[in-house]
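Input: a single structure, listed below in C-alpha cells.
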There are 2 protein chains.
Amino acid sequence: MERDETYEHAQKLLKMTGLRPTRQRLGLAHLLFDQGNRHVTAEGLHSEACKSGLSVSLATVYNTLHQFMEAGLLNQVNLEGARTYFDTNLEPHGHYYFADRRELMDVPAPGFDKTALPAPPEGTQITRVDVIVTLHDVPK
Amino acid sequence: MERDETYEHAQKLLKMTGLRPTRQRLGLAHLLFDQGNRHVTAEGLHSEACKSGLSVSLATVYNTLHQFMEAGLLNQVNLEGARTYFDTNLEPHGHYYFADRRELMDVPAPGFDKTALPAPPEGTQITRVDVIVTLHDVPK
DNA sequence: AACGCCAAATAGAACGATTCTAATCTTATC
DNA sequence: GATAAGATTAGAATCGTTCTATTTGGCGTT
Ligand SMILES: [Mn+2]
Ligand SMILES: [Mn+2]
Ligand SMILES: [Zn+2]
Ligand SMILES: [Zn+2]
C-alpha cells in the first residue's frame, strides 16, 4: 500500500503560481513548504529529494528554486563562499550564520531597524537588506 | 627622471605587520592604503596593479590580500555571486551595494545598532555582523 | 659582491557552486 | 492518440578562488 502522494498543499501552491505541477516540482514544493520554515541549499535539497525517493536532477533543483523565488515563494540568502541559501520565511528578518556548522537560523528578534536606514542615494532604490550575524563555536 | 617609489607609508605598514617588504607587497599596499578608503576585488586590484606598471600575478594578489586581512589591515565583505570585496575601512559599518554597477559604498550613518542584537545562542560568539543594503538604479 | 637559506611569487591546474546547452521526455490540448 | 509547448536532463562551461609544484628574490652571512 503506497503512501498518499497527492501533495494537496503543494498542488495548491503551484496552481497559484501558474507553474505546471510536474512530479519534480510537486516533490520539491512538498519538501520545502510542508514542514515549517526552512533554509536550504540547492545541493542539500537535491540530496534530500534523492533520499526521499524523488528522482530529480540537480539542474532541475536549481531551476525550480529560481522559479519559486520568482513566484515569491522563496527568498535568497547570500553569504560567504559562493553558497546560496533559499529561505521559506518571507518576512523581513536577519540571520545567524553558524559558520562551523554551515547552518542558518532566523534572528529571533530584529536587532536592527530597516526604517532607520538613511535614504539611499538619488536615482537608486533599496531592493534588499541583508543582515547576517556570523557565529563561531566558542573555543574552550 | 623616474618617480620616487620608496613608498614610505607602505614600508611602515609592512614593517608593523612583520611581512617582508617585497616589490609586490609594497606596490599593492601603496595602491590600497595611500589614497583613502577603498573597496576592491582581487581582480580589480590586479588589473589596477598591472596598469600601474607593477608586475604581479593574480595568485599573489590573493595571497597578499589575505595576509593583509590576517594582519588586520583589511576587512572582507562578502556578497552574492561569489564576489569578495576587500575594505580598507576598519570601522564597523554597513554597505550599500550598487548592484547595477557592482560597486560598494559605506553606509554614511549606521541605521542599525549592533548592540541591540539579541544575545547569540549558548556556546557561540559573534565574529562578524554584515549589513548589506542592495540598491538598483530606479528604472524610469 | 657572492653565497645560501628560506620566504615569496608564479603559472597553471584544480576546485566548488552555479549556469548553460542541446537532446530527450512530459504535460496539456485537440 | 497526435501534437506542440514546456520541463527535465546529463554533461559541458563558467567564474571566482584556492592549491601545487617550481622558480625567484630578499636578506643575513661571508
Ligand atoms: Mn549550494
Ligand atoms: Mn573578485
Ligand atoms: Zn530566514
Ligand atoms: Zn566599507
Side-chain angles (χ1 to χ4, degrees), chain A residues 5-7 10-11 13-15 17-29 31 39-50 53-71 74 76-86 97 99 102-104, chain B residues 5-7 10-11 13-15 17-29 31 39-50 53-71 74 76-86 97 99 102-104:
Chain A
E5 294 200 349
T6 57
Y7 296 150
Q11 290 269 9
L13 285 176
L14 290 181
K15 180 150 292 177
T17 64
L19 291 167
R20 280 197 193 177
T22 64
R23 190 161 31 81
Q24 286 82 354
R25 293 208 271 232
L26 282 168
L28 295 174
L31 289 174
H39 300 97
V40 303
T41 62
E43 304 205 355
L45 182 61
H46 179 241
S47 70
E48 200 179 315
C50 292
L54 173 64
S55 165
V56 59
S57 71
L58 182 57
T60 294
V61 172
Y62 275 105
N63 290 340
T64 303
L65 287 169
H66 289 145
Q67 290 152 359
F68 286 179
M69 276 230 311
E70 195 110 353
L74 289 175
Q76 216 176 43
V77 183
N78 305 118
L79 31 88
E80 57 127 57
R83 301 178 71 76
T84 298
Y85 282 74
F86 295 86
Y97 176 57
R102 293 184 142 192
E103 268 174 35
L104 275 184
Chain B
E5 294 200 349
T6 57
Y7 297 149
Q11 292 269 9
L13 285 176
L14 291 181
K15 180 151 291 175
T17 65
L19 293 167
R20 276 197 194 177
T22 64
R23 192 162 31 80
Q24 286 81 356
R25 293 210 271 232
L26 282 168
L28 295 175
L31 290 174
H39 300 97
V40 303
T41 62
E43 305 205 353
L45 183 60
H46 179 240
S47 69
E48 202 179 316
C50 292
L54 173 64
S55 164
V56 60
S57 71
L58 182 56
T60 295
V61 172
Y62 274 105
N63 290 340
T64 303
L65 286 169
H66 290 144
Q67 290 153 358
F68 286 178
M69 276 229 312
E70 195 111 351
L74 289 177
Q76 217 176 41
V77 183
N78 304 116
L79 32 89
E80 55 127 56
R83 302 178 69 76
T84 299
Y85 282 73
F86 295 85
Y97 175 56
R102 294 183 144 192
E103 265 174 36
L104 275 184

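So you know, we letter chains A, B, ... as the sequences are listed, proteins then strands, and number each from 1. Owing to the predicted nature of the structure, the values given are computational and were not obtained by experimental measurement.
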> Taking only residues two or more places apart in sequence, or in another chain, which ones meet A:Thr22 in a side chain to side chain donor-acceptor pair (under 3.5 Å)?
Replying inline: none
>> In whole Å, I'd like the distance from the CG atom of A:Asn78 to the P atom of D:dC15.
In response: 19 Å
> How many Å lie between NE2 on A:His46 and P on C:dG16, as a whole number?
Replying inline: 17 Å
> Under the side chain to side chain donor-acceptor pair (under 3.5 Å) test, which residues partner A:Thr17, sequence neighbours left out?
Replying inline: none
> Under 4.0 Å between a side-chain N or O of B:His66 and OP1 or OP2 of D:dT18?
Replying inline: yes
> Is any side-chain nitrogen or oxygen of A:Tyr62 closer than 4.0 Å to OP1 or OP2 of C:dT18?
Replying inline: yes
> Atom CD of A:Glu43 to atom C1' of C:dC15: distance rounded to whole Å?
Replying inline: 12 Å
> What residues form a ring-ring contact (aromatic ring centres under 6.0 Å, His included) with B:Phe68, not counting sequence neighbours?
Replying inline: B:Phe33
> Is any side-chain N or O of B:Thr84 closer than 4.0 Å to OP1 or OP2 of D:dT17?
Replying inline: yes
>> Expressed as a whole number of angstroms, how long is the span from A:Arg83:CZ to D:dG16:P?
In response: 19 Å
>> The criterion is side chain to side chain donor-acceptor pair (under 3.5 Å); which residues satisfy it with A:Glu70, sequence neighbours excluded?
In response: none
>> Is any side-chain heavy atom of B:Leu31 closer than 4.5 Å to one of B:Val40?
In response: no
>> Applying side chain to side chain donor-acceptor pair (under 3.5 Å), can you list everything that pairs with A:His46, at least two apart in sequence or on another chain?
In response: none
>> Measure CG/A:Leu79 against P/C:dT18 and give the value in whole Å, please.
In response: 10 Å
>> Rounding to an integer number of Å, can you tell me how far B:Leu26 CG sits from D:dG25 P?
In response: 15 Å
> With the sugar-phosphate defined as primed atoms, P, OP1 and OP2, and the base as all remaining atoms, what B/S/- string results for nucleotides 6-13 of chain C, 5' to 3', for protein heavy atoms under 4.0 Å?
Replying inline: -SSSBB--
